[in-house]
Structure formats: C-alpha cells, structure tokens
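Numbering starts at 1 and runs along the sequence shown. Just so it is clear, the model here is predicted, and its values are computed rather than measured.
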Amino acid sequence: MQKSYKTEINPTQEQIRKINKTIGTCRFIYNFYIAHNKELYNKGEKFMTAKSFSVWLNNEFLLNSPEYLWIKDVSSKSVKKSMENAYTAFTRFFKKQSRFPRFKKKNKSDVKMYFVKNNPKDCFCERHRINIPTLGWVRLKEKGYIPTTKQGYVIKSGIVSCKAGRYYVSVLIEIPDQNEPQLNNFGLGIDLGLKDFAIISNGITKKNINKTAKIRKLEKQLKREQRCLSRKYEDLKKRNNKIKNKMKGEATRQNIRKQVLKVQKLHHKIDNIRTDHINKCVNEIVKTKPSYITIEDLNVKGMMKNKHLSKAVASQKFYEFRTKLEAKCKELGIELRIVDRWYPSSKLCHECGCIKRDLKLSDREYICECGYHADRDYNASLNLRDATSYKIA
C-alpha cells in the first residue's frame, strides 16, 4: 500500500535558489510544449507526444539554440514530468474531460518540482531531515512526521512546492499492508450544511469553522490588505501616466511584491485553518469505527451559482471533505456509501416515511403530521444512514 505525506521544509538560501530555478524551468517547458503543439496544428502537422517532444528538444532544438542550454541545469526528471503533465492536459481535452490547456503564469500557477528515487542513496529520510536529489539534505520543520528509512519505509517519489513564501515536500511512501481494525456493527449518516459543517446521525454536530472569531478576524485583516494592494496598483498606474521616473516606479513595484506576499500569507493561513478543521472532523468520525458511512452526492457546482450562498459554499470545502473521508475509509476498510443528490433526505420523515414537499430552506425544524419533531439536519442524517439506494465509493 502506498501513502502520501506532506510537510513543511526549511531549505537554505542555495536550496531555495535551486527550487525556484527548477520550478521556473518546468513552467517554461510546460508552456513551450503547449505552444509548440499549437504551432504544429496551425501548420497541419502531426501532434507531438511528451516522449517525442523530449527527443526533439534534446536532439534538435537545444543543438540549434544554444541560448536555451540552461534547461539542462535542473533535474531532468522534473523537466520530463512537466512534459507528461502537459500531455495529460491535452489528452483530457481530446476526451472532452476538460478545456484546452492554458499557459502557466509566474507566481500564479501551481508548478512543482518533481523527484524520484533513482538509486539507494536517494530519498533517504531521517527524523529531522530528508535527502532530495539535486538538493541534498533538507531540514524538516515537523520532526518525526514522515516515516524514516531506518524503520523500513521506502520513498518512491515526491514533489517540492512553494506557497506564500513557504516550501513543502510531499512524498509517496510504500507502506506494508496492515491488519484492518475490527469495525462496530452500526452505521453513520452525515449531512453537510452551511449553518453547521456536518451533522452526524449519532447526535454529534461539527460547527462551521468560518463563523468563529479567529476566521472572521483574519478575513477582516485580509480585506484591509487587499484594499491596500489595490491602492498600490492604482498608484503605479498614475505614476506610469504622469511621472516617468524609473526609481520611483521600481520602488512602487517592490512594495507591490511585498503586499502581494502579505495577501498570499493571509489566504494560506485561512486555508490551513479550514483544512485542519476538516482533518479533525474526518479523524473523529472514523475513530468510532462504524461498518459504513453514508453521505450525499452534493451538487456543489450548482450550489455555487447562488450569488447569496456561493462564498459560504466555497469556504466549507465539501469536496475536500469527501476526498479525505474516502481515503480514510479505504485505509480502515469502512464502506462509504454515496446517496444520489435527488434523494429527499431533508423532506423525508424518519418516523413515518412521509415526504414534506413544501419544506423551505428557512424551516430549520422538521415537524410532521404524525407528531415527529426534530432538527431538520439531524432528520436528514438519520435518513441518509437508513438509505437503501446508494452506490459504494
């Protein structure tokens, strides 16, 4: 079984320079592959795969264009991985699974440095550091999180990424198969919502982290910093129109870069708090070891079209919750049931089975003619737990 681990690293200035150079080269190769295939298409020539593009790049293009030899200064595995990523994007477009591949933009697109285990000395991990090809030993900020090589775990591959000025390493580790734990003879139904994040059929309610004072304080601070960034951009436009002073213009651009980093750090901090809340919720749910868990197949894309609720829906991160719950259930052997999005979990009475078709979103209590009275979301979680039509994830 393979499992991924992601943690923050503390590279030196020389290692940071190498990481940034590799990420920049991978972004250039990705864009070059897309542009080259567009040029071939306009000429009516055959589409070039990642493998054929790599052969053409090394045997023809670099020989005739020595000014691009800096491409070979970085890891060849990262360069080839960027070609494969671009080829995958084209393949998805041809299958009508996504739109046409777009160019990667500097400081905006998420480009990563890829590495793979080539020999026994590569990807050697200790408690406080990890050996990455082309970088050497890199210190870990969280000690003991990644299983070490001395314990018998093998790192297959990994990536190094940068976000808001902080660097992370994500590794794929081969883990020996473990005995599945003994599950209890009961199931759980989970109803996801906006007022509360998750309402579970066992009576536990997970609060909405976005309504806490900490998140609201950070969002207020983010609003202030974004307003400051907008003013700096407007000031730069006025300088370019009125004053042709390169010194003042360069100073303004440096201030804009600093302000952009402040905004990115606040976004990253808020995102980490939300992700941490999801991780804790998933761990507490699977810790009870139910035999099955039932959730609803939410139409998040449709919910996002409501301009009054789109921000609240996006901040709840329903899809991330589902993917992490699937991974945990697969690891522990718990059956994850997915109920169709048209299943009337909220309108169905758990006591008599009557469907209340005139139920509004503002009705927070479910009151049935049979005398059943319960919280709307708790009633939905009970109906999801007892649903008979579902598909297994």
Legend entry - From CD1 (Ile293) to OG1 (Thr288), nearest 0.5 Å: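 Those atoms lie 6.5 Å apart.
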
Inset, instruction - Find the distance between SG (Cys26) and CD1 (Ile71) and round it off to the nearest 0.5 Å. - result: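 Cys26 SG to Ile71 CD1: 10.5 Å, rounded to 0.5 Å.
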
Legend entry - Step-by-step ring-ring contact (aromatic ring centres under 6.0 Å, His included) determination, Phe53 to Phe32: CA-CA 10 Å; Phe53 178 78; Phe32 188 28; 5.7 Å; yes

Is it the case that the side chain of [X] and the backbone of [Y] share a donor-acceptor pair, with hydrogens and angles ignored and the cut-off at 3.5 Å?
X	Y	value
Asp375	Tyr378	yes
His268	Gly165	no
Asp271	His267	no
Ser78	Tyr114	yes
Ser54	Lys51	no
Asp340	Tyr390	no
Ser230	Gln226	no
Tyr233	Ile256	no
Asp363	Glu365	no
Glu225	Gln259	no

With a 4.5 Å cut-off on side-chain heavy-atom distances among I, L, V, M, F, W and Y, is there a chain of contacts connecting [X] to [Y]?
X	Y	answer
Phe94	Tyr87	yes
Val313	Ile199	no
Leu63	Leu69	no
Leu348	Leu298	no
Leu140	Tyr145	yes

Inset, instruction - Report the C-alpha distance between Asn58 and Lys72 in whole Å, list the side-chain angles of each, state the deciding distance to 0.1 Å, and finish with yes or no for side chain to side chain contact (heavy atoms under 4.5 Å, CB included). - result: CA-CA 9 Å; Asn58 293 313; Lys72 293 192 173 183; 3.9 Å; yes

Inset, instruction - Please step through side chain to side chain donor-acceptor pair (under 3.5 Å) for the pair Thr22 and Thr25, ending with a clear verdict. - result: CA-CA 5 Å; Thr22 305; Thr25 305; over 6 Å; no

Does the side chain of [X] reach to within under 4.5 Å of the side chain of [Y], using non-hydrogen atoms?
X	Y	answer
Lys356	Cys349	no
Arg385	Thr294	no
Ile159	Val169	no
Lys117	Ser157	no
Ile23	Lys112	no
Ser161	Ser170	no
His36	Met48	yes
Cys123	Phe115	yes

Legend entry - Test side chain to side chain contact (heavy atoms under 4.5 Å, CB included) applied to Lys328 and Asn283, step by step: CA-CA 8 Å; Lys328 276 289 182 182; Asn283 287 332; 3.2 Å; yes

Looking at [Y], does the NZ or CZ of [X] lie under 6.0 angstrom from its six-membered ring centre and within 45 degrees of the ring axis?
X	Y	answer
Arg376	Tyr366	no
Lys6	Tyr168	yes
Lys104	Tyr30	yes

Shortest non-hydrogen contact between [X] and [Y], atoms and distance:
X	Y	answer
Tyr5	Ile175	OH-CD1, 3.6 Å
Lys324	Val282	O-CG1, 4.0 Å
Ile278	Phe197	CG1-CZ, 4.1 Å
Leu222	Leu266	CA-CD1, 3.7 Å
His350	Asp386	CE1-OD2, 2.7 Å
Ser201	Ser381	CA-OG, 3.6 Å

Inset, instruction - Show the numbers, then the answer: is there a salt bridge (charged side-chain N to carboxylate O under 4.0 Å, His left out) between Arg337 and Glu335? - result: CA-CA 6 Å; Arg337 300 176 178 178; Glu335 185 182 272; 2.6 Å; yes

More than 12 heavy atoms of other residues, nucleotides or ligands under 6.0 Å from [atom1] of [X]: yes or no?
X	atom1	value
Glu45	CD	yes
Tyr68	OH	no
Asp358	CG	yes

Inset, instruction - Would you kindly say whether Thr91 and Thr88 are connected by a side-chain donor-acceptor distance under 3.5 Å? - result: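 There is no such pair (donor and acceptor under 3.5 Å, judged by atom type) between the side chains of Thr91 and Thr88.
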
Legend entry - Trace of the salt bridge (charged side-chain N to carboxylate O under 4.0 Å, His left out) decision for Lys280 with Asp276: CA-CA 6 Å; Lys280 288 177 179 176; Asp276 180 66; 3.1 Å; yes

Legend entry - Centroid separation Trp56 to Tyr33 less than 6.0 Å: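 Distance test on ring centres: not under 6.0 Å, no.
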
Legend entry - Ring centroid separation Phe47 to Phe90 under 6.0 Å: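 Aromatic pair counts; centres sit under 6.0 Å.
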
Inset, instruction - Take Asn20 and Tyr167 through the test side chain to side chain donor-acceptor pair (under 3.5 Å) and record every step on the way to the result. - result: CA-CA 10 Å; Asn20 293 337; Tyr167 292 86; 3.0 Å; yes

Legend entry - Ile130/Ile155 under side chain to side chain contact (heavy atoms under 4.5 Å, CB included): CA gap, chis, key distance, verdict: CA-CA 10 Å; Ile130 183 172; Ile155 297 176; 4.0 Å; yes

Inset, instruction - Take Arg341 and Glu296 through the salt bridge (charged side-chain N to carboxylate O under 4.0 Å, His left out) test and state the conclusion after the steps. - result: CA-CA 6 Å; Arg341 64 183 59 171; Glu296 193 174 3; over 6 Å; no

Inset, instruction - Start with the C-alpha gap between Asp196 and Lys206, add the side-chain angles, then the distance that decides, and say whether salt bridge (charged side-chain N to carboxylate O under 4.0 Å, His left out) holds. - result: CA-CA 6 Å; Asp196 294 307; Lys206 300 298 179 183; over 6 Å; no

Legend entry - Sole candidate of Glu14, Gln15, Gln13 that passes side-chain hydrogen bond (donor to acceptor under 3.5 Å, both in side chains) when paired with Arg17: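 Looking at Glu14, Gln15, Gln13, the match for Arg17 under the side-chain hydrogen bond (donor to acceptor under 3.5 Å, both in side chains) is Glu14.
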
Legend entry - Step-by-step side chain to side chain donor-acceptor pair (under 3.5 Å) determination, Lys317 to Thr275: CA-CA 8 Å; Lys317 304 176 81 169; Thr275 302; 2.9 Å; yes

